[in-house]
Amino acid sequence: MQIIREASQLPSALIAMGDGGKSLALVPTMGALHSGHLKLITEASRVADRVAATIFVNPLQFGANEDFDRYPRQEEKDAAMLEEAGCDLLWLPQPAEFYPAGFATTVSVKGVSDRWEGEARPGHFDGVATVVAKLLCAVRPDIALFGEKDFQQLAVIRRMALDLQLGIEVLGVPTVRDEDGLALSSRNAYLSPEERSNAVELPRALNEAAEAISSGLLVSDALAAAKARLTRAGFSRIDYVALVNALTLEPLEQAGGPMRLIAAALIGRTRLIDNIAVGL
Ligand code: PAF
């Protein structure tokens, strides 16, 4: 696996990889990799001839009181994991080069960004859309892969790629979960053992609500039961538990169409998000 840091090294690395018209998949990450990221790499190798990844803890997507400074950083370990998983090229953009003095452009995706994470974390999706647009423009992959764990992020990136007519396919990859069902996340590392054992109530509450909605219970009752379960488990703040249209992220009061249950809640100092599909 070739590792590059400077953007000026990118064109020649990409030309070498694309030799003979090979297709390229890109997996953008913020590092602190876990099996969920490795599944993105495996899936990328399945859908394209060559795989590139980026690791960049993007300051633009963190709010002033969020965890940018304490976000786990483990570059060497991440690089070894990516190589082992079959990644061909790793680009580690350098902050000062990526966002040079005077950088003044924001990519903002209206509508799909507005609610849920967008409301709880003002500016977050502008930061995500801006960094992903820059990464996609620099690497120009055929396909870019993102985890379904950040379901709204995936919808924002899909909309952005479509609107900017990037000609890049955006592929969502199902969430990888621990044995007990907790979605893998780099932020799980913040959980104390007690918080970790209670955190599993988040996917359990979502599964219970999804089953209830599928079997015809009122959506509002199912959501209220899920919130009560989270409160009992020690979640100190519930930002949202909602049934939404899976494409527009608009809230649904009644079941129908493509649906997703989404949730965000705080346990200790750690904010967890999760989502699952709902069928009828
Ligand atoms: O999901 C992430 O890790 C980040 O939001 C992303 C897409 C790499 C942009 O910084």
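Every number for a ligand or one of its atoms is a count from 1 in the order of the listing.
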Going by heavy-atom distance to atom 3 (O) of ligand 1, choose the closest among M30, H124, Q61. M30
Using a strict cut-off of 4.0 Å, indicate which atoms of ligand 1 neighbour a heavy atom of V131. 9 (C), 10 (O)
Atom of T248, atom of V112 and distance for their closest heavy-atom approach: O-CG2, 3.9 Å
Please check if I276 and F146 belong to a single hydrophobic cluster, counting links between Ile, Leu, Val, Met, Phe, Trp and Tyr side chain heavy atoms closer than 4.5 Å. no
Record the part of T54 in heavy-atom contact with ligand 1 below 4.0 Å; permitted values are side chain, backbone, both and neither. neither
Would you call L135 and F56 a side-chain contact if the rule is heavy atoms closer than 4.5 Å? no
State whether F68 and R73 meet the cation-pi test: NZ (Lys) or CZ (Arg) under 6.0 Å from the six-membered ring centroid, and within 45° of the perpendicular axis. yes
Heavy-atom distance to atom 8 (C) of ligand 1: which of S186, P28, G31, A32 wins? P28
Top protein contact for atom 1 (O) of ligand 1, by heavy-atom distance: Q153 NE2, 2.8 Å
R196 and D180, any side-chain heavy atoms less than 4.5 Å apart: yes
